[in-house]
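Every chain is numbered from 1, with letters handed out A, B, ... down the list of sequences.
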Amino acid sequence: MGGREGRPMNSDELYALLRRRGVLWPSSEIYGGAQGLYDYGPLGAALKRRIEDAWRAWFLGLSDDYYEIDPAELLPEAVVRASGHLENFTDPEVVCDGCHRAYRADTILESARPEGVDGLSSEAIADLVRRFAPRCPACGAERLRVPRPFNLMFGLEFGAAAGDRAYLRPETAQNSYLAFARMWEVGRKALPLGIAVVGKAFRNEIAPRQILYRLRAFTQAELQIFFDPERWTVPIDVVRHDALPLVLARRRAAGDESIHPTTVEALVREENVPEFFAYHLAMAHRFYRDVLGYPAGRLRLFEKSETERAFYNRLQFDVEVNLDSLGGFREVGAVHYRGDYDLSRHSAGSGRDLAVTTGDGRRIVPHVLELTFGVDRNLWALADLHLVRDGERTVWKLPPYLAPLQVAVFPLLKKEHGPVARTIAEELRGEGWAVEYDDAGNVGRRYARVDEAGIPFAVTVDRETIEPGPAQGTVTVRLRDDRSQERLARARLAARLRPAFVFPHPPRAG
RNA sequence: GCGGUUGUGGUCUAGUGGUUAGGACGGUAGCUUCCCAAGCUACCUACCCGGGUUCGAAUCCCGGCAACCGCACCA
């Protein structure tokens with residue numbers, strides 16, 4: 001599959017189109033909007049739900065031992081203290097009052113404190129700055145200061161008791177770690193155990209940017225897989241020959257930033273990536289390529305180096321998509337190998353021993369493989385990559401199972417064909433599909449509208465449908481992507497369309 | 001957060017102190033139309049918010065909000 005046709009749209013054009021069609025718009029819009037907050041309209045809400053369901057079908061379909069839970073969005077303070085978010089989800093900054101440049105505190109204090117500033121209070125950092133870094137590296141002014149620490153979490157009063165605090169979760173992953181002990185019982189005490197959460201997360205970003213790319217309230221779909229690092233076998237043969245578009249940290253360190261298609265087999269053998277990691281990375285790659293339909297040439301799996309990734313991540317590949325509207329490759333998901341960091345932290349924080357006994361009698365703290373997926377970012381990517389200008393028309397070539405509305409039904413002429421068309425629309429709604437009925441203007445206009453909304457099929461009732469003759473009882477089905485038409489008996493409509501709406505499932509080893 | 005630019009119907013835009021705030025596309029209703037935004041008629045919708053200057057502000061000034069670009073940030 002090639003890339004998009006026609007002229008690429010920039011961010012403004014794409015956003016204007018999405019606003020106009022009611023896909024999304026600024027939150028609290030009549031008050032001028034709120035930075036980093038957007039609302040999804042009818043098309044956006046339906047599309048988002050489809051994306052989430054496609055994600056569920058794929059990732060929960062990987063194993064019978066992967067489960068979805070629906071936990072609370074609020075985390076008590078003790079949780080975020082244990083996870084490290086209270087302490088570390090801040091950016092110690094140093095700002096120059098002369099030229100307004102900002103620096104990371106650990107950069108500016110490199111010579112005075114090579115071990116970094118993690119864990120130091122802002123007062124301690126301010127003191128170090130006063131003593132060791134009197135000049136701004138850019139303008140030379142002696143006006144460096146440490147602004148108040150800025151935690152990226154939204155905190156709130158919790159309950160009536162003064163001083164009790166909770167936080168809106170900055171990531172859904174924490175809920176899965178918190179649920180592990182309970183799920184260990186529910187899941188019949190076996191590893192691997194996958195716990196998925198699809199839901200909102202909240203970050204008080206300093207500078208939200210680029211519409212859906214950096215939000216203050218956003219939706220994540222995350223799967224945390226708890227496993228025994230000494231024995232986890234995956235059906236690697238299923239993906240052994242998949243070519244992954246890798247950008248390896250090792251090559252980047254040598255100055256090579258380009259994509260090297262590499263088989264899963266080679267990734268395991270030559271790069272020493274564990275099989276369980278390579279397998280899930282390959283399955284994630286298939287999801288973006290085959291389920292979301294991103295052109296293969298626009299995807300890359302970008303390995304984060306040791307200094308780029310969080311210290312507890314042993315291995316991290318970001319899934320990046322090349323988007324015209326955002327000017328290049330942007331992260332839309334990731335695969336992290338987090339070791340036993342999360343359960344160890346919560347063991348220490350809660351006092352609850354989260355180690356488990358394996359079938360062969362070993363006592364271990366399970367390790368975690370994390371698959372994250374940014375729902376909003378991918379919704380944007382689906383617009384960027386699939387919403388194309390095709391000559392005069394604008395067509396949203398979404399995979400049919402992702403389309404917010406499944407079918408449109410038109411009477412070719414409102415009066416003559418309306419009644420029959422309406423009964424057909426009702427029949428199709430009976431299939432559980434969202435059906436748009438439209439009898440306004442002429443049929444060409446209606447086709448244009450459904451093209452823009454991404455509705456894959458338009459069913460049209462005409463004279464032949466109604467009048468006696470060989471074609472009585474037949475309708476035309478018009479396909480969005482190539483405008484071709486088929487004529488078929490209305491009784492066969494549902495059977496004809498149904499396969500297009502099935503979410504792809506991952507292949508399972510035989 | 002800092003600096004710059006910008007803010008007119010749903011969308012794109014004209015308007016630089018006094019306009020019934022104009023157009024295009026769009027939407028709605030009707031007519032017409034037997035398959036891809038045609039045509040005819042009528043209608044619909046706007047000066048981001050709040051102050052100030054002025055006889056008079058969409059227009060000038062200040063503040064706020066928001067967007068875009070750059071800087072910084074993105075555990």
Item to check | Counterpart residues, side chain to side chain contact (heavy atoms under 4.5 Å, CB included), relative to E308(A) (two or more places apart) | outcome: R252(A), K304(A), S305(A)
Item to check | Between C1' of C48(B) and CD of Q35(A), the distance in whole Å | outcome: 15 Å
Next on the checklist: Roughly how many Å apart are U32(B) and U11(B), using the C1' atom of each and rounding to a whole number?
Outcome noted: 28 Å
Checklist entry - What does C74(B) pair with, Watson-Crick or G-U, if both distances are under 3.5 Å? => result none
Checklist entry - How far, in whole Å, is A24(B) from G9(B) if one measures between their C1' atoms? => result 12 Å
Checklist entry - Centres of the Y337(A) and H367(A) rings: under 6.0 Å? => result yes
Next on the checklist: Measure CG/D12(A) against P/U11(B) and give the value in whole Å, please.
Outcome noted: 12 Å
Next on the checklist: Give me the distance, rounded to whole Å, that separates C2(B) from U45(B) when you measure between the P atoms they each carry.
Outcome noted: 40 Å
Next on the checklist: Any strand counts, and the cut-off is 3.5 Å on both contacts for Watson-Crick or G-U wobble. Which nucleotide pairs with G63(B)?
Outcome noted: C49(B)
Item to check | Among G27(B), C71(B), U11(B), the one nearest R209(A) by side-chain distance | outcome: C71(B)
Next on the checklist: Return the pairing partner of A24(B) with a 3.5 Å limit on both distances, Watson-Crick or G-U wobble; otherwise return none.
Outcome noted: U11(B)
Checklist entry - Taking the P atom of each, how far is U6(B) from G63(B), in whole Å? => result 15 Å
Next on the checklist: Using the side chain to side chain contact (heavy atoms under 4.5 Å, CB included) criterion, which residues pair with A72(A)? Sequence neighbours excluded.
Outcome noted: none
Checklist entry - Which part of the nucleic acid, if any, lies within contact of Y312(A), taking any heavy atom under 4.0 Å across all strands shown: a base, the sugar-phosphate backbone alone, or nothing? => result base
Item to check | Of residues 17-24 of chain A, the positions that come close to RNA chain B - non-hydrogen atoms, cut-off under 4.0 Å | outcome: R19(A), R20(A)
Next on the checklist: Measuring centre to centre across the rings, with the benzene-like ring taken for any Trp, is F317(A) within less than 6.0 Å of F302(A)?
Outcome noted: no
Checklist entry - What interatomic distance, in whole Å, is found between C1' of C60(B) and the corresponding atom of U54(B)? => result 10 Å
Checklist entry - Can you tell me if N10(A) and S325(A) form a side-chain donor-acceptor pair at under 3.5 Å? => result no
Checklist entry - R478(A) side chain to Q485(A) main-chain N or O, any donor-acceptor pair under 3.5 Å? => result no
Checklist outcome for this item: CZ of F457(A) to CZ of F501(A), rounded to nearest 0.5 Å, is 5.0 Å
Checklist entry - Of H346(A), R338(A), R345(A), which meets side-chain hydrogen bond (donor to acceptor under 3.5 Å, both in side chains) against D342(A)? => result R338(A)
Checklist entry - On a whole-Å scale, what distance lies between the C1' atoms belonging to A37(B) and C25(B)? => result 10 Å
Item to check | Close residues, residues 473-487 of chain A, relative to RNA chain B [heavy-atom separation under 4.0 Å] | outcome: T476(A), R478(A), R483(A), Q485(A)
Checklist outcome for this item: RNA chain B nearest-nucleotide lookup for E308(A) and R463(A): closer to the 5′ end is R463(A)
Next on the checklist: Quick check on contacts: within residues 439-448 of chain A, what sits under 4.0 Å from RNA chain B by heavy-atom distance?
Outcome noted: N442(A), V443(A), G444(A), R445(A), Y447(A), A448(A)
Item to check | Spacing between L168(A) atom CG and A75(B) atom P, to the nearest angstrom | outcome: 19 Å
Checklist outcome for this item: Testing C68(B), G27(B), C34(B) for proximity to the side chain of D462(A), the answer is C34(B)
Next on the checklist: I'd like to know if the side chain of D462(A) reaches the main chain of T465(A), judged simply by a donor and an acceptor atom lying under 3.5 Å from each other, with no hydrogens or angles considered.
Outcome noted: yes
Next on the checklist: Rounded to whole Å, please give me the gap between CD in E205(A) and P in C73(B).
Outcome noted: 13 Å
Next on the checklist: Tell me which nucleotide, if any, is Watson-Crick or G-U wobble paired with C31(B) when both distances must be under 3.5 Å.
Outcome noted: G39(B)
Checklist entry - Rounded to whole angstroms, how far apart are OH on Y38(A) and C1' on A67(B)? => result 8 Å
Checklist entry - Which part of the nucleic acid, if any, lies within reach of E171(A) when heavy atoms closer than 4.0 Å are counted: base, sugar-phosphate only, or nothing? => result base
Checklist outcome for this item: The Watson-Crick or G-U wobble partner of G3(B), with both key distances under 3.5 Å, is C69(B)
Checklist entry - How far, in whole Å, is C43(B) from U5(B) if one measures between their C1' atoms? => result 38 Å
Next on the checklist: Please compare R309(A) and A34(A) by the position of their nearest nucleotide in RNA chain B and report the one closer to 5'.
Outcome noted: A34(A)
Item to check | Whole-Å gap separating P (C25(B)) and CZ (R393(A)) | outcome: 22 Å
Next on the checklist: List the residues meeting side chain to side chain contact (heavy atoms under 4.5 Å, CB included) with T172(A), not counting sequence neighbours, and say none if there are none.
Outcome noted: R169(A), V197(A), Q220(A), E222(A)
Checklist entry - Looking across every strand, which nucleic acid part, if any, lies under 4.0 Å from D451(A) by heavy atom: base, sugar-phosphate, or nothing? => result nothing
Checklist outcome for this item: Only residue of W25(A), Y38(A), Y40(A), W380(A) satisfying side chain to side chain contact (heavy atoms under 4.5 Å, CB included) with L18(A) is W380(A)
Checklist entry - Between atom CG in L14(A) and atom C1' in C12(B), what is the gap in whole Å? => result 16 Å
Next on the checklist: Does the structure show a Watson-Crick or G-U wobble partner for A57(B), both distances under 3.5 Å? Name it, or say none.
Outcome noted: none
Checklist entry - Strictly by modelled atom types, are D318(A) and Q316(A) linked by a side-chain donor-acceptor pair under 3.5 Å? => result yes
Checklist entry - Looking only at side-chain N and O atoms, does K414(A) come under 4.0 Å of OP1 or OP2 in G30(B)? => result yes
Checklist outcome for this item: Heavy atoms of A440(A) and D438(A) approach each other most closely as N-OD1, 3.0 Å
Checklist entry - On a whole-Å scale, what distance lies between the C1' atoms belonging to C44(B) and G10(B)? => result 11 Å
Checklist entry - For the ring pair Y447(A) and F410(A), is the centre-to-centre distance below 6.0 Å? => result yes
Checklist entry - In whole Å, what is the span from the CG atom of N313(A) to the C1' atom of A75(B)? => result 11 Å
